[in-house]
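These notes are about the structure you will find just below.
Residue numbers begin at 1 in each chain, while the letters A, B, ... track the order of the sequences. Because the structure is predicted, anything quoted here is derived from the model rather than measured.
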Amino acid sequence: MRNCLIPLFCLPVFLILTATGEINGEVETGGFLETGTYFDINRGAPEGNTYARLRWEAKTEISSNIFSLISLDLRYYNFPGLEELSSVNEIESSYPLDLLLWEAYLEITQFVWSNLDLKVGKQRIAWGTADKFNPTDNLNPGDFLDLGGKLPTYALKADYYLGDYIITGVWLPYFEPVHLPRGGVKFLFGLVPDKVNLPDKTWQNSMFGLKLKGIAFNWDYSLSYFSGYDELPVYFVENGKLEIGFPRMEVIGFDFAGEIRSVGVWGEAGFFREKEESGSVPGFHEEQFLKYTLGMDYTFENGIYAQAQYVHGFIMERGRDNLHDYLTGKVEKRLLNDEITLSLSGILEAKEMGDIAGSYATGFFPEITYRPVDNLQFILGAFFLNGKRGTLLGDWKEFDQVYFKITVDF
Amino acid sequence: MRRLSILLLVVVSLLFARNLLALSGNAILKKVEDTMNAPRDRIVTERMVLIKAGGSEKERTIRFYQKGNRKRMVVFLSPADVKGVSFLSLSRERMYLYLPAFRKVRRIASHIKGEDFMGTDFSYEDMAETEYTKDYTATLIKEDDSQYVLELKPRSKADVSYSKKIIWVDKKTFVSTRGEYYSRTGELIKVIRAENIRQVDGYWFPMKMTMRTVIKNHQTILEVMEIKHDVGLADNFFSERNLKRQAR
């Protein structure tokens, strides 16, 4: 319910500002409607998982230096799993709808100084040069409904531009954990906690990040530092009850992007230091570990795009001894002037590099995207996972899926 | 005999002088480039129509910013599914793409240069290119009263996608009115036409351009809706900061 109140408050404020002429520019609206179904291959279509998502966005230039944007995200999950007649009355649980304030921010360019931009409000702050596996992208929590996606969070961001350099400072007043779909805690972690210990919303528990981005010898690079919390919970037992908490986390990051003989090359690394603080995760020992991604891509003369990445440490992995190694690949071909995109992605996981044969897992993800007309997109794809038990992908091998999505932009 | 010798000398001298006055292919190409890059900066809003072989059409609106020989920015204004997608080219090796859905600027390597730009018949290289003389040497292969025809061959170390270009240049304006682009295997792959060449703010510019991909018979038409010159775009306008700002 709290999730619904914030957008319901922000929307009228935006509309009142517009109606009273406080906003001088034209208000532009837009968004998308996406619906999809995931069919579980091993269990058959009746176990299918359907969702629908509506994103509505309004934005305007309040003045030449001030831009504002507000967007709402309405999500519907699953077919109702009604087993008893009495469940029909439980509208919210049977037909779960979530209304989220997705983004809501003011962006002030040339704030006080011509080189300074300020962005205040709920926003997405994307750091890192790698594709999807970004160890330095820790400012926004993950959005597991949209795998690989991130959830915008409240932040104050300042960018100072100095020639080819950008100095960024971010302050996040409070911590938000990873966003899971309903039932996701049990599904992903196997256990439902009795209690969730979120850090108190105090000044001391606020989070911040700093980044310096530059260019040297035609290579883009950045150095970053983040002090906050790990978005993924740690389980512990306290007074006989199962609880979760979130360890304090510092990340020193580095990334680069450039090219060697027309081949795109990038790398990104994060040195993580996680520790228990103020009793929120009793018994958690300090952990220090390095996650990194190295990648390259190339487009051949026949138009086939190929990408490869070496990933040390998946999104959900923490601790030096728990980081697996992954080799990801992607081949993509666009046909009929982007009307059709054929793509095949693959991933090879090695839990222990010394024993790849005994600790490997694989995943294949074919996908076809068809855009018959503007603003309309159909996607048909699948996940095929296999491998040894104890590997991240191997443990999910019963969850092979075929999915179908339709997206309409407006 | 002496008179004949003098007459012969005069004729030879005139012919020689004519050759001296005639422009070489490279000099014509330089003038084409200078014409294209004459304004200090330029902002063009264009209607873009993508036409399939069967005749069905898709329409986009783009805004194109240029400064000097190298700096280019293209922003898609419509339709909704591509609105905000923006491309920044600072040099052949430094290009960036902003995808608003991810709120992220991504560096793209030059291997993409020969690819269709967002499903159009223009490649990334076509959108960014204006330094003809750096990449190509030109030979004048034909000339009539109204136009030059040049054959462009890549310089030895030029990193370009085409093995040859033939361009038709209007003698009055030094605007290229037609071009044929050949693949590395020597096949004709694209034909570009420029029409309705007008002088706006003192600079010549084609109000309509059509790029056709020969094998697919797919074409992209660019029609100027609004054009501005010398508006004072600063060098740092062509930056990551502005790429995101123009795209919103």
Side-chain angles (χ1 to χ4, degrees), chain A residues 28 30-32 59 61 67 69 103 107 109 115 117 123-129 131 137 140 149-150 152 159 161 163-164 166 213 215 218-220 257-266 296-301 303 305 334 336-339 371-377 407-410, chain B residues 50-53 56-60 77-84 90-96 98-121 123-124 159 161 183-185 213 216 218-220 234-236 239-242 244-245 248:
Chain A
E28 262 185 67
F32 65 82
K59 56 189 179 182
E61 300 270 352
F67 171 79
L69 183 145
E103 285 178 292
E107 192 169 3
T109 46
N115 291 346
D117 292 350
Q123 55 186 294
R124 168 78 176 109
I125 303 163
W127 283 6
T129 51
D131 188 16
D137 192 9
N140 301 107
K150 292 274 189 173
D159 289 306
Y161 298 86
D164 279 334
I166 307 171
K213 187 174 180 189
I215 183 156
N218 240 356
W219 287 76
D220 290 348
E259 65 177 80
I260 300 171
R261 291 179 170 267
S262 295
V263 176
V265 178
W266 59 86
M296 60 169 72
D297 67 355
Y298 189 74
T299 306
F300 295 91
E301 272 191 50
Y305 169 81
R334 289 169 180 262
L336 304 174
N337 290 73
D338 285 5
E339 204 167 289
R371 301 174 195 88
V373 291
D374 285 334
N375 302 326
L376 177 65
Q377 176 175 281
T407 308
V408 179
D409 292 274
F410 56 89
Chain B
L50 282 65
I51 307 172
K52 283 168 73 171
S56 65
E57 295 184 1
K58 288 182 178 177
E59 195 174 314
R60 279 111 180 73
L77 306 176
S78 73
D81 59 346
V82 292
K83 182 175 164 49
L90 297 174
S91 70
R92 190 62 62 77
E93 298 81 28
R94 242 186 113 190
M95 296 184 286
Y96 299 87
Y98 176 66
L99 298 171
F102 301 99
R103 302 284 191 257
K104 190 168 183 175
V105 175
R106 188 159 183 225
R107 177 148 177 182
I108 49 176
S110 59
H111 60 75
I112 204 167
K113 65 182 182 296
E115 284 300 290
D116 295 346
F117 176 67
M118 296 291 293
T120 70
D121 293 274
S123 66
Y124 284 83
D159 183 18
S161 307
S183 70
R184 285 183 182 155
T185 53
T213 305
K216 292 189 282 188
H218 188 282
Q219 55 187 327
T220 301
D235 279 344
N236 63 10
S239 62
E240 186 178 325
R241 179 191 200 184
N242 224 19
K244 287 190 273 190
R245 199 177 168 196
R248 69 198 187 185

- Query: If we ignore angles and hydrogens, is there a donor and acceptor under 3.5 Å between the side chains of B/K58 and A/N337?
  - Reply: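 No, no side-chain donor-acceptor contact under 3.5 Å.
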- Heavy-atom side-chain proximity of A/D117 to B/R241 below 4.5 angstrom: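 They are in contact (side-chain heavy atoms under 4.5 Å apart), so the answer is yes.
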- Task: Compare all side-chain heavy atoms of A/N140 with those of B/R103 and state whether any distance is below 4.5 angstrom.
- Result: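 SC-SC contact between A/N140 and B/R103 ruled out.
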- Message: My understanding is that only residues two or more places apart in sequence, or in another chain, count here; which of them pass side chain to side chain contact (heavy atoms under 4.5 Å, CB included) with B/T185?
- Response: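 Testing B/T185 for side chain to side chain contact (heavy atoms under 4.5 Å, CB included), a comparison that skips the adjacent residues, returns B/S183, B/E187.
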Please classify the contact between [X] and chain B as side chain, backbone, both or neither, with a heavy-atom cut-off of under 4.5 Å.
X: A/E28; answer: side chain
X: A/F410; answer: backbone
X: A/F32; answer: neither
X: A/V373; answer: backbone
X: A/K213; answer: side chain
X: A/V408; answer: neither
X: A/I166; answer: side chain
X: A/L336; answer: neither
X: A/W266; answer: side chain

Residue part contacting chain A, namely of [X], when any heavy atom lies under 4.5 Å:
X: B/E115; result: side chain
X: B/T120; result: backbone
X: B/D159; result: side chain
X: B/Y96; result: side chain
X: B/D116; result: side chain
X: B/E59; result: backbone

- Query: Which residue out of B/M118, B/K216, B/R184 racks up the most heavy-atom pairs below 4.5 Å with chain A?
  - Reply: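 Of the options given, most contacts go to B/R184.
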- Message: With side chain to side chain contact (heavy atoms under 4.5 Å, CB included) as the criterion, how do A/I215 and B/R107 come out once you've worked through the C-alpha distance, each side chain's angles and the decisive distance to 0.1 Å?
- Response: CA-CA 12 Å; A/I215 183 156; B/R107 177 148 177 182; 4.2 Å; yes
- Message: What I want to find out is whether B/K52 reaches A/E339 closely enough, with some N-O distance under 4.0 Å, to be called a salt bridge.
- Response: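 Answer for the salt bridge query: yes.
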- Item | Basic-acidic side-chain contact under 4.0 Å: B/R60, A/D374 |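 Result for this pair is yes, salt bridge flagged.
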- Query: Where do B/A109 and A/S262 come nearest, in terms of heavy atoms and distance?
  - Reply: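 Taking every non-hydrogen atom into account, CB-O, 3.9 Å.
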- Query: What heavy-atom pair brings A/D297 and B/H111 nearest, and what distance separates the two atoms?
  - Reply: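 Reported closest heavy-atom pair: OD1-NE2, 2.9 Å.
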Counting heavy-atom pairs under 4.5 Å to chain B, which of [options] comes out on top?
options: A/E103, A/R371, A/R261, A/K150; value: A/E103
options: A/L376, A/V265, A/N115, A/D159; value: A/N115
options: A/D338, A/T299, A/D409; value: A/T299

- Query: Of B/R245, B/R248, B/K244, which meets side-chain hydrogen bond (donor to acceptor under 3.5 Å, both in side chains) against A/E107?
  - Reply: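 The side-chain hydrogen bond (donor to acceptor under 3.5 Å, both in side chains) with A/E107 is passed solely by B/R248 among B/R245, B/R248, B/K244.
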- Query: Please walk me through it: do A/Q377 and B/D81 pass side chain to side chain contact (heavy atoms under 4.5 Å, CB included)?
  - Reply: CA-CA 9 Å; A/Q377 176 175 281; B/D81 59 346; over 6 Å; no
- Item | Distance, nearest 0.5 Å, that separates CD of A/E259 from CZ of B/R92 |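 These two atoms lie 11.0 Å from each other.
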- Task: Drop me the distance from B/K104's NZ to A/T129's OG1, to the nearest 0.5 angstrom.
- Result: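 Answer rounded to 0.5 Å: 7.0 Å.
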